[in-house]
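Worksheet for the structure shown next.
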Amino acid sequence: MQTLMNKRVLLGVTGGIAAYKSAELIRRLQDQGAQVRVVMTRASTEFITPLTLQALSQHPVHTELLDAETESAMGHIELARWADLVLVAPATTNFIAQIAGGHGSDLLTTLCLAAECPLAIAPAMNQAMWGNASTQQNCNLLTQRGIRLFGPAEGLQACGEEGSGRLLDVDAIVTQTRELFDTGILAGKHVVITAGPTREAIDPVRFISNHSSGKQGYALATAALEAGAKVTLITGPTSIAPPERANTIGVTSASEMFDAVQRSLEEADIFIGVAAVADYRPVNVSEQKIKKSAAPSNSSVTLELVENPDIIQSVANQDHRPFTIGFAAETDNVIEHAKNKLVSKNLDMIVANDVSETEFGFNSDQNHTTVLWPNRSEELPAMSKAAISSRIIELVAETIGENNG
Ligand code: PMT
């Protein structure tokens, strides 16, 4: 289970002999799904090269505060804003003193002052330096300010002495980092969501579609990300931006959405079908624009349609199926129609939306929904699609918990 999925860790490396362990730390954090960017103090580059950490993190390593080129690409404020966690490992006594004193003397210390996300520090130094009253006082100050201290560990030191001050084992640093984030109700889960409309081509310039804007599906993707899940968002054409951290796959037609869903299912724990998938598509797609003049004046035109594959039903009928949630937009007998879809499509849950009023459902910011399970239901008050999505994600997590318990 990758519990750091989607998390952005800014790794600060300061100048001590344990700096070489930051290479392994980058790998282990990435194994847990984290994105890692690296900031090094000048002294740390004497112990391990920026090139090594650049190759491992797959991003440029930042070392200088007053470097016009780097600042224009991703400056210290952007780096601070980018991070979900600033982790300084190893942290020297000098770095700890600088932070305790509120100094911004180089890129790393400045960035720590600018960061609004949590800051964690893994000290590494000689045992006498660690035991020194100033170091202890500074560390107490940092802890009081809510800065986490990871370690240090005890044991034989590079200088040959024995005692407290060693950098905590890389695995223990990763575990403690995971514990900082391990609070999301969907932490470690992979959620696949379909959203938006599909377009079924008639000819090169015309298509059959519907009014889905993608707002409900994108709001659910955001809520799932906030709950700690990895999210794959398979979306028909929309004019809104998908959540930045979702793995977004754009498709046009129902057949393309079907194929993209099949490819994404292997590691999916949860599937949510929010897309308004066209039930039918034209049997023949004209390669040329169909001319009005082709038919006699005042005559009618008939489009022959064929049924599209039912995406959610194919997901729900797989041997190793994910927990599967559908949506049903209805204008009449809302609950009855939704219940029928829950059963006929073999779903675990369905969200019924009453779209008889234009302020709810398609292309609106609000929705009015009832969540149905095979044996119960819960009506949610009319509210924003973001608020509804948070509640749906809570209900999904609760139901999965009940099924597993
Ligand atoms: O995008 P918005 O503007 O925010 O609007 C949101 C919404 C109204 C589109 C959304 O809340 C919603 O209700 N989506 C489902 C629309 C619908 O009526 O679907 P349906 O009744 O045709 O299908 C039921 C379920 O089967 C849905 O989960 C749908 O994604 C799925 N389906 C349908 C047909 C098909 N060929 N494949 C499918 O997977």
Side-chain angles (χ1 to χ4, degrees), residues 1-13 21-40 53-62 74 76-91 108 111-112 114-122 146-151 167-193 218-233 241-248 264 267-270 389-390 393-394 396-397:
M1 190 161 90
Q2 292 184 305
T3 45
L4 291 176
M5 183 52 68
N6 302 318
K7 297 291 178 268
R8 296 166 169 177
V9 179
L10 191 91
L11 178 65
V13 183
K21 293 187 182 169
S22 56
E24 179 68 6
L25 183 55
I26 292 171
R27 272 280 157 83
R28 297 286 78 83
L29 290 168
Q30 288 170 334
D31 289 347
Q32 292 299 317
Q35 295 174 43
V36 184
R37 291 188 184 233
V38 181
V39 170
M40 299 177 76
L53 302 193
Q54 175 172 313
L56 290 169
S57 67
Q58 295 162 2
H59 289 286
V61 166
H62 304 259
M74 197 178 201
H76 63 286
I77 299 293
E78 276 119 314
L79 274 171
R81 283 203 197 116
W82 174 86
D84 295 317
L85 171 72
V86 177
L87 168 63
V88 182
L108 183 57
L111 202 144
C112 289
E116 289 177 325
C117 64
L119 173 58
I121 287 175
I147 295 171
R148 316 294 177 108
L149 284 193
F150 293 171
L167 183 71
L168 202 60
D169 276 353
V170 166
D171 284 344
I173 295 177
V174 173
T175 303
Q176 296 200 16
T177 304
R178 278 169 40 188
E179 282 165 5
L180 288 181
F181 291 111
D182 207 6
T183 49
I185 51 176
L186 292 185
K189 301 278 186 217
H190 180 191
V191 182
V192 176
I193 299 176
Y218 288 21
L220 260 163
T222 303
L225 286 164
E226 280 166 5
K230 170 185 175 181
V231 174
T232 300
L233 176 63
E244 204 192 321
R245 296 187 194 195
N247 168 29
T248 303
S264 305
E267 289 174 357
D269 301 294
I270 298 166
S389 300
S390 302
I393 291 297
E394 275 173 13
V396 168

Output for pair (Leu149 CG, Gln176 CD), nearest 0.5 Å, gives 10.0 Å
Next item on the list: Evaluate the side-chain proximity of Val191 to Leu225: yes if any heavy-atom separation is below 4.5 Å, no if none is.
Entry: no
Item to complete: Could you tell me whether the side chain of Lys230 reaches within less than 4.5 Å of the side chain of Glu267, counting heavy atoms only?
Response: yes
Taking side chain as C-beta onward, heavy atoms only, is Leu111 less than 4.5 Å from Val39? yes
Separation between CD1 (Ile147) and CG (Leu119), nearest 0.5 Å, reads 4.5 Å
message: Tell me whether Arg37 contacts the main-chain N or O of Leu10 through its side chain, where contact means a donor paired with an acceptor under 3.5 Å.
response: no
Between Leu85 and Lys7, is any pair of side-chain heavy atoms under 4.5 Å apart? no
Residues at least two apart in sequence or cross-chain that pass salt bridge (Lys or Arg N to Asp or Glu O under 4.0 Å) with Glu24, listed by chain then number, are Arg28
Hits for side-chain hydrogen bond (donor to acceptor under 3.5 Å, both in side chains) against Glu179, two or more places apart or cross-chain, chain-then-number order -> none
Tightest non-hydrogen contact, residues Leu108 and Val13, listed as CD2-N, 4.2 Å
Residue set satisfying side-chain contact (heavy atoms from CB on, under 4.5 Å) with Ser57, at least two apart, ordered chain then number -> Ile26, Val38, His59
With sequence neighbours left out, the residues meeting side-chain contact (heavy atoms from CB on, under 4.5 Å) with Glu226 are Thr222
Value for CG (Asn6) from CZ (Phe181), rounded to nearest 0.5 Å, stands at 11.0 Å
Minimal heavy-atom distance between Thr248 and Pro243, with the atoms involved, is OG1-O, 4.3 Å
Hits for side-chain contact (heavy atoms from CB on, under 4.5 Å) against Arg27, two or more places apart or cross-chain, chain-then-number order -> Gln30, Leu56
Closest non-hydrogen atoms of Ala89 and Ser22, given as atom of the first, atom of the second and distance, are O-CB, 4.1 Å
Worksheet item: Has the side chain of Asp84 got a donor or acceptor atom that lies under 3.5 Å from a matching backbone atom of Arg8?
Response: yes
message = Using side-chain heavy atoms (C-beta onward) and a distance below 4.5 Å, is Ile270 in contact with Val192?
response = no
Would you please test Ile173 and Leu167 for side-chain contact (heavy atoms from CB on, under 4.5 Å) and show each step? CA-CA 9 Å; Ile173 295 177; Leu167 183 71; 4.1 Å; yes
Could you check if a side-chain atom of Leu29 sits within less than 4.5 angstrom of a side-chain atom of Leu87, using non-hydrogen atoms only? yes
dist Ile193:CD1 -> Leu220:CG (nearest 0.5 Å) comes out at 5.5 Å
Ile393 side chain near Leu186 side chain, heavy-atom distance below 4.5 Å: yes
Those residues at least two apart in sequence (or on a different chain) that pass side-chain contact (heavy atoms from CB on, under 4.5 Å) with Arg148 are Ala120, Phe150, Leu180
d(Thr232 OG1, Asn247 CG) to nearest 0.5 Å is 4.5 Å
Practice prompt. Indicate yes or no: at least one non-hydrogen side-chain atom of Arg178 is less than 4.5 angstrom from one of Leu4.
Written response: yes
